[in-house]
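Remember, it's 1-based here, ligands and their atoms both numbered in the order they're listed. Sequential numbering from 1 along the given sequence is applied to the chain's residues.
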Amino acid sequence: MAHRVTLIPGDGIGPEVAEAARRVVEATGVEINWDVQEAGAAVTRTGGTPLPDRVLRSIETTRTALKGPITTPVGTGFRSVNVALRQELDLFAAVRPAQSLPGIPSRFADVDLVVIRENTEDLYAGIEFMVASNQLARLRELVRDLLGIEIPWDAGATVKPISVTGTRRIVRFAFDFARRNGREKVTVGHKANIMRYSDGLFLFTAAAESASYPDIEFEECQIDELAYRLVVEPETLDVLLLPNLYGDILSDLCAGLVGGLGLAPGANLGWEYAVFEPVHGSAPDIAGKGLANPTAIILSAAMMLDHLGEAEAGRGVRKAVRSALAQGDVRTRDLGGSASTEEMAEAIARATKAALASS
Ligand code: NAD
């Protein structure tokens, strides 16, 4: 029976890379009925909102989506569609593998990391106070009364909630993931010495929950030191468990470790729904030029195939990506080549057919 999947092409390079992923998924022979749902800048112009209800309703029906990146304008009143989707669908866990790929030049040869990012809390929860607003004036009074701290009159403010419930579920998710995937260690990144009641809670909850997983090593590391370790000794790390903001930042760092944003896939998972998307954004600098590397969303689609119970197809796509990259004759500009998005997709689609025929 065909799977039903919502396809959100997104903004910028989104439609180009989403089409590439669709082509590769088709090459696996797995039957998918795509429900294409536009969201982002294009629909804002016509419908007034970047995330129309129909997009959420579609994912609630299909339960699974493949998504291209969506632009978030800087400093406007708009909530990020990406953040809104994760919160509305309670996609509390982002899973972002960073693995060295054959023939891709990078500082280290054998990187094999997975970032597990808490996706719904922290500074991304949307609790914001605009500079010079009435709300901020009341917040200043409250903070003065409660803590004797003076927030500067010309400050804006963002609140960082991290809950025991939200932390517990992501910690258990990370340890279960480690166990299921034969991983040995989970490293929690934090700044608990400074943010004692948010990062501190994350760390202590993680430490307590880790006791239920004696087979997986638990390690804690301050976030600045973790960033340093990632760029000098990534081989000492395995699964990284991070609150929302640090997870966002270190996901891009990990993508850089293995050759760039064009190669880094991701999944956003909750108890009920799953949205697969690359780590990268809409890359307006190269949009519409056929320059985007589709590998990240293609690898995201491979994760989606695993999730749909099509593990053989997922393996086939990953094998195809490795063999296409190892051959090295078809590469997009970010990888030092001159192939277009479409040519790269075609090469991976061909390799997918070959990989699945020989398996
Ligand atoms: P970006 O990831 O879009 O681009 C950063 C750099 O990487 C650019 O030079 C870009 O050309 C390059 N790049 C990214 N993806 C590539 C690919 N597939 N192939 C080749 N090169 C690629 O980050 P940005 O410029 O900071 O963000 C642009 C927009 O995307 C912003 O509005 C941001 O909010 C949004 N964004 C969305 C998501 C998402 O939808 N999940 C994630 C990150 C950023």
Contact region, Pro284 to ligand 1, non-hydrogen atoms below 4.0 Å, reads side chain
- Task: Flag Thr71 as yes when one of its N or O atoms lies below 3.5 Å from any N or O atom of ligand 1, and as no otherwise.
- Result: no
Nearest non-hydrogen protein atom to atom 19 (N) of ligand 1, with distance, is Asn293 N, 2.9 Å
Checking heavy atoms under 4.0 Å, the part of Thr295 that sits near ligand 1 is neither
Ranked by distance from atom 16 (C) of ligand 1, the top protein heavy atom is Ile13 CD1, 4.0 Å
Check Asp112 with Arg183, please: is the shortest side-chain N to carboxylate O separation under 4.0 Å? yes
Note: ligand 1 atoms sitting under 4.0 Å from heavy atoms of Gly262 are 17 (C), 18 (N)
Atom 30 (O) of ligand 1 has as its nearest protein heavy atom Ser282 N, 3.0 Å
Ranked by distance from atom 41 (N) of ligand 1, the top protein heavy atom is Glu277 OE1, 3.2 Å
The protein heavy atom nearest to atom 43 (C) of ligand 1 is Gly281 CA, 3.5 Å
* Asked: So, Asp176 versus Tyr213: side-chain donor-acceptor pair below 3.5 Å or not?
  -> yes
Closest to atom 31 (C) of ligand 1 among protein heavy atoms sits Thr72 N, 4.0 Å
Hey, does Ala283 come in under 3.5 Å of ligand 1, counting only N/O atoms on both sides?
yes
TODO: Output yes when Asp199 and Lys191 qualify as a salt bridge under the 4.0 Å nitrogen-oxygen rule, no when they do not.
DONE: no
the protein heavy atom lying closest to atom 5 (C) of ligand 1 turns out to be Leu261 CD1, 3.8 Å
task: Kindly state if atom 24 (P) of ligand 1 has a protein heavy atom within a strict 4.0 Å cut-off, that is, under 4.0 Å?
output: no
Original post:
Is there a heavy atom of Glu16 sitting under 4.0 angstrom from any atom of ligand 1?
Top reply: no
CD1 of Ile70 to OG1 of Thr44, rounded to nearest 0.5 Å, is 9.0 Å
field: 4.0 Å heavy-atom contact, Arg333 with ligand 1
entry: no
message = With a 6.0 Å cut-off (strictly less than), is the heavy-atom count around CD of Glu312, excluding the residue itself, greater than 12?
response = no
Honestly, for Met344 the part within reach of ligand 1 (heavy atoms, under 4.0 Å) is neither
Per-atom filter on ligand 1: closer than 4.0 angstrom to a heavy atom of Arg86 are 41 (N)
### Task
Give a yes/no verdict on whether any heavy atom in Val279 is under 4.0 Å from an atom of ligand 1.
yes
Contact between Arg229 and Cys221 at the side-chain level, heavy atoms closer than 4.5 Å - yes or no? yes
- request: Can you establish whether the number of heavy atoms outside Arg179 located under 6.0 Å from its atom CZ is more than 12?
  value: yes
| Counting only heavy atoms not in Arg138, do more than 12 fall under 6.0 Å of its CZ? | no
Problem set entry | Check: Glu219 and Val188 side chains under 4.5 Å, non-hydrogen atoms | no
As a quick check of understanding, evaluate side chain to side chain contact (heavy atoms under 4.5 Å, CB included) for Leu147 and Leu142, giving each step before the final call. CA-CA 8 Å; Leu147 303 173; Leu142 190 68; over 6 Å; no
Of Thr341, Asp285, Asp252, Asn82, the residue with the heavy atom nearest atom 39 (C) of ligand 1 is Asn82
Is there a side chain to side chain contact (heavy atoms under 4.5 Å, CB included) between Leu291 and Ile13 once you walk through the steps? CA-CA 9 Å; Leu291 295 174; Ile13 60 171; over 6 Å; no
Requested in this report: Give me the ring orientation class for Phe173 and Phe92: parallel if the planes are under 30° apart, tilted from 30 to 60°, perpendicular past 60°.
Outcome: perpendicular
Can you check side chain to side chain contact (heavy atoms under 4.5 Å, CB included) on Ile104 and Val258, steps first, answer last?
CA-CA 8 Å; Ile104 301 298; Val258 296; over 6 Å; no
of all protein heavy atoms, closest to atom 14 (C) of ligand 1 is His280 CB, 3.7 Å
Inset, instruction - Would you check whether Ile70 has a nitrogen or oxygen atom less than 3.5 angstrom from a nitrogen or oxygen atom of ligand 1? - result: yes
query = Salt bridge or not for Arg86 and Glu277, using N-O below 4.0 Å?
reply = yes
With heavy atoms and a 4.0 Å threshold, my read on which part of Asp334 contacts ligand 1 is side chain
Looking only at non-hydrogen atoms, the one of Leu291, Val81, Ile286 nearest atom 22 (C) of ligand 1 is Ile286
Q. Under a heavy-atom criterion of less than 4.0 Å, does Ala292 contact ligand 1?
A. yes
